[in-house]
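Working notes, structure below.
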Protein chains: 2
Amino acid sequence: MTRAEQKERTRRAIINAAFEQLSADKSFASLSLREVAREAGIAPTSFYRHFADMDELGLTLVDEGGLMLRQLMRQARQRLINNTSVISTSVETFMEFIMRHSNVFRLLLRERSGTSAAFRSAVAREIQHFCAELADYLRKENQCSAEQAMIQAEAMVILVFHAGADALDASDEVRQKITEKTILQLRMLAAGSQHASL
Amino acid sequence: MTRAEQKERTRRAIINAAFEQLSADKSFASLSLREVAREAGIAPTSFYRHFADMDELGLTLVDEGGLMLRQLMRQARQRLINNTSVISTSVETFMEFIMRHSNVFRLLLRERSGTSAAFRSAVAREIQHFCAELADYLRKENQCSAEQAMIQAEAMVILVFHAGADALDASDEVRQKITEKTILQLRMLAAGSQHASL
DNA sequence: AAATTGGGCGTACATTTGTAAGCTGAAAGT
DNA sequence: ACTTTCAGCTTACAAATGTACGCCCAATTT
């Protein structure tokens with residue numbers, strides 16, 4: 001095995017260890033370098049061969065999380081071909097995502113309002129991608145102004161994100177309720193955005 | 001000075017010290033018992049005379065924060081007498097609140113998706129009060145079903161909260177933009193909720 | 001073949017943390 | 001006047017943390 005390969009491998013081990021330890025009761029901030037190193041199976045000081053500090057690791061995690069989100073979006077758009085309702089398909093796809101990758105979602109959710117400005121803007125950037133693509137879709141669909149579309153898209157993303165946060169801790173049954181509620185909220189927004197007098 | 005008075009006084013000192021230390025770069029979770037005690041001007045172990053642990057203090061802070069929120073709501077309703085637009089008055093009042101008590105707002109914002117289930121549900125409860133009162137208002141105003149009103153109210157509160165989070169770090173100018181955007185979003189919701197076919 | 005590089009390790013240290021144990025002195029109760 | 005109560009203090013300790021320093025040895029380069 002080549003040296004670069006091995007290095008990449010332990011780098012992944014660190015990243016995976018970090019994701020692994022994130023949970024409902026464990027935020028990234030409460031993660032210690034030593035804990036991550038332990039989980040990754042390396043000595044604490046070896047951590048520095050890959051990241052300058054925990055912040056650098058954290059930003060990497062946020063980037064990866066954002067990447068996964070964008071993949072999710074593509075997936076949702078593919079589903080649209082076979083399904084008429086944009087809104088319900090999107091919300092349901094999102095719910096599947098947060099269940100499958102709850103740790104990733106929790107990271108983004110928390111660091112969005114976390115203590116590190118770098119983290120906050122990193123998450124904001126990822127969400128912005130999300131909004132921009134949705135706005136683009138809305139503008140084409142509804143033939144409204146780009147600004148109007150963006151404002152609507154942002155509201156939609158906020159609502160869906162929040163619904164995801166609630167759904168994380170909920171039972172299957174409650175999560176279904178939340179999904180329906182969110183769909184209704186998005187439809188309110190969609191209907192209202194068509195109104196001339198705002 | 002009576003003994004009970006003195007005890008209450010240091011209790012307040014602890015609470016105030018905790019609020020004082022919350023900031024953009026310091027969450028409650030990253031607050032240590034010793035730090036708070038130092039700021040409050042007492043010995044670390046004296047902390048235990050007032051709270052069993054940091055969690056108990058944190059829940060107290062959340063309660064106080066919720067109380068302040070409800071006071072804010074009353075204030076907004078009083079302003080309504082002299083002003084026609086419910087939505088813009090409410091959003092503007094909210095923005096004033098988060099600027100004046102940014103530490104309090106940050107606490108609620110973060111612990112809403114924090115690592116402690118007790119904190120999360122405490123914050124959720126406070127926000128629920130907010131929603132319930134708003135829903136009541138909407139129901140009377142729009143003569144819609146209680147359920148519909150609640151769904152709309154929740155969406156509104158989520159959007160306003162999120163706008164507040166963005167506004168915290170923003171300049172006066174940007175904050176104004178955010179305020180206008182949020183008002184527009186709420187109007188979309190209000191207009192859309194009147195649509196029969198959802 | 002020899003020299004260099006670099007990932008991983010063990011040791012070590014200064015800090016910070018939560019909290020246990022026990023003392024003190026003034027307020028409150030008798 | 002006495003005893004009791006109790007908020008606050010000092011001291012003490014074990015645990016955990018970030019990270020500096022230097023060694024090792026296999027992959028790479030020369």
Side-chain angles (χ1 to χ4, degrees), chain A residues 1-23 25-62 107 110-111 114-119, chain B residues 1-23 25-62 107 110-111 114-119:
Chain A
M1 186 189 320
T2 162
R3 188 130 87 173
E5 269 174 1
Q6 180 55 42
K7 174 155 188 180
E8 183 56 25
R9 195 169 298 190
T10 47
R11 185 187 146 93
R12 290 281 358 146
I14 293 174
I15 291 174
N16 291 338
F19 269 131
E20 203 67 37
Q21 303 207 330
L22 292 178
S23 70
D25 346 282
K26 197 107 189 167
S27 72
F28 181 78
S30 74
L31 225 63
S32 79
L33 184 150
R34 289 176 107 107
E35 260 177 318
V36 173
R38 215 177 301 134
E39 175 90 11
I42 59 171
T45 49
S46 299
F47 179 94
Y48 295 107
R49 303 287 188 199
H50 303 271
F51 301 96
D53 49 28
M54 285 293 285
D55 277 11
E56 203 172 292
L57 169 61
L59 289 176
T60 304
L61 296 188
V62 171
L107 175 76
R110 284 177 178 151
E111 298 311 327
T115 53
S116 156
F119 277 44
Chain B
M1 185 189 320
T2 160
R3 189 130 86 171
E5 269 174 1
Q6 179 56 40
K7 174 154 188 182
E8 183 55 26
R9 195 171 297 191
T10 48
R11 186 188 147 92
R12 290 278 2 145
I14 293 174
I15 292 174
N16 291 338
F19 269 132
E20 203 67 38
Q21 302 206 330
L22 293 178
S23 71
D25 344 285
K26 197 108 190 167
S27 71
F28 181 78
S30 74
L31 225 63
S32 79
L33 183 151
R34 288 177 107 106
E35 261 178 315
V36 173
R38 214 177 301 134
E39 174 90 10
I42 59 170
T45 49
S46 299
F47 178 93
Y48 294 108
R49 302 288 187 198
H50 302 271
F51 300 97
D53 49 28
M54 284 294 284
D55 277 11
E56 203 172 293
L57 169 60
L59 290 176
T60 305
L61 297 189
V62 170
L107 175 76
R110 284 178 179 150
E111 299 310 328
T115 52
S116 156
F119 278 44

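Looking at residues 31-44 of chain B, you'll see B:S32, B:L33, B:R34, B:R38, B:P44 sit with a heavy atom under 4.0 Å from some atom of DNA chain C.
B:L57 places a side-chain heavy atom less than 4.5 Å from the side chain of B:F47. A heavy-atom distance below 4.5 Å is not found between the side chains of B:L59 and B:F51.
As rounded to whole Å, 13 Å separates atom C1' of C:dG10 from atom CZ of A:R49. In this structure, B:F47 places its CZ atom 14 Å from C1' of C:dT17, rounding to the nearest Å. Per the geometry, CZ belonging to A:R9 stands 16 Å off C1' belonging to C:dG8, to the nearest Å. To the nearest angstrom, C1' of C:dA20 lies 16 Å from CG of B:D53. Residue B:D55 contributes atom CG, which lies 15 Å from atom C1' of C:dT17 at whole-angstrom precision. Remark: P of C:dG18 and NE2 of B:H50 are 17 Å apart, rounded to the nearest angstrom.
Comparing A:Q6 and B:R3 by the nucleotide of DNA chain C whose heavy atom lies nearest to each, the residue mapping closer to the 5' end is A:Q6. Comparing B:M54 and A:K7 along DNA chain C, the residue whose closest nucleotide (by nearest heavy atom) sits nearer the 5' end is A:K7.
Interatomic distance, CG of A:L22 versus OG of A:S27, reported as 8.0 Å (0.5 Å rounding). Taking CD of A:E39 as the reference point, atom CD of A:E20 lies at 6.0 Å (rounded to 0.5 Å). To the nearest 0.5 Å, atom OG1 of residue A:T60 and atom CZ of residue A:F19 are 9.5 Å apart.
At the phosphate of C:dG8, neither OP1 nor OP2 sits under 4.0 Å from any side-chain N or O atom of A:T45. Look at B:T2 and you won't find any side-chain N or O under 4.0 angstrom from OP1 or OP2 of C:dA27.
Taking the 5' to 3' direction, DNA chain D first and last meets chain A under 4.0 angstrom from a heavy atom at D:dT17 to D:dT28.
Of the possible donor and acceptor atoms, one in the side chain of B:D53 sits under 3.5 Å from a partner among the backbone N and O of B:E56.
Closest of all the heavy-atom pairs between B:L33 and B:M54 is CA-SD, 3.7 Å. In plain terms, the two heavy atoms of B:R110 and B:S23 that are nearest each other are NH1-O, 3.0 Å.
By the side chain to side chain donor-acceptor pair (under 3.5 Å) test, B:T10 is found to be paired with B:H50, residues two or more places apart in sequence or in another chain being considered.
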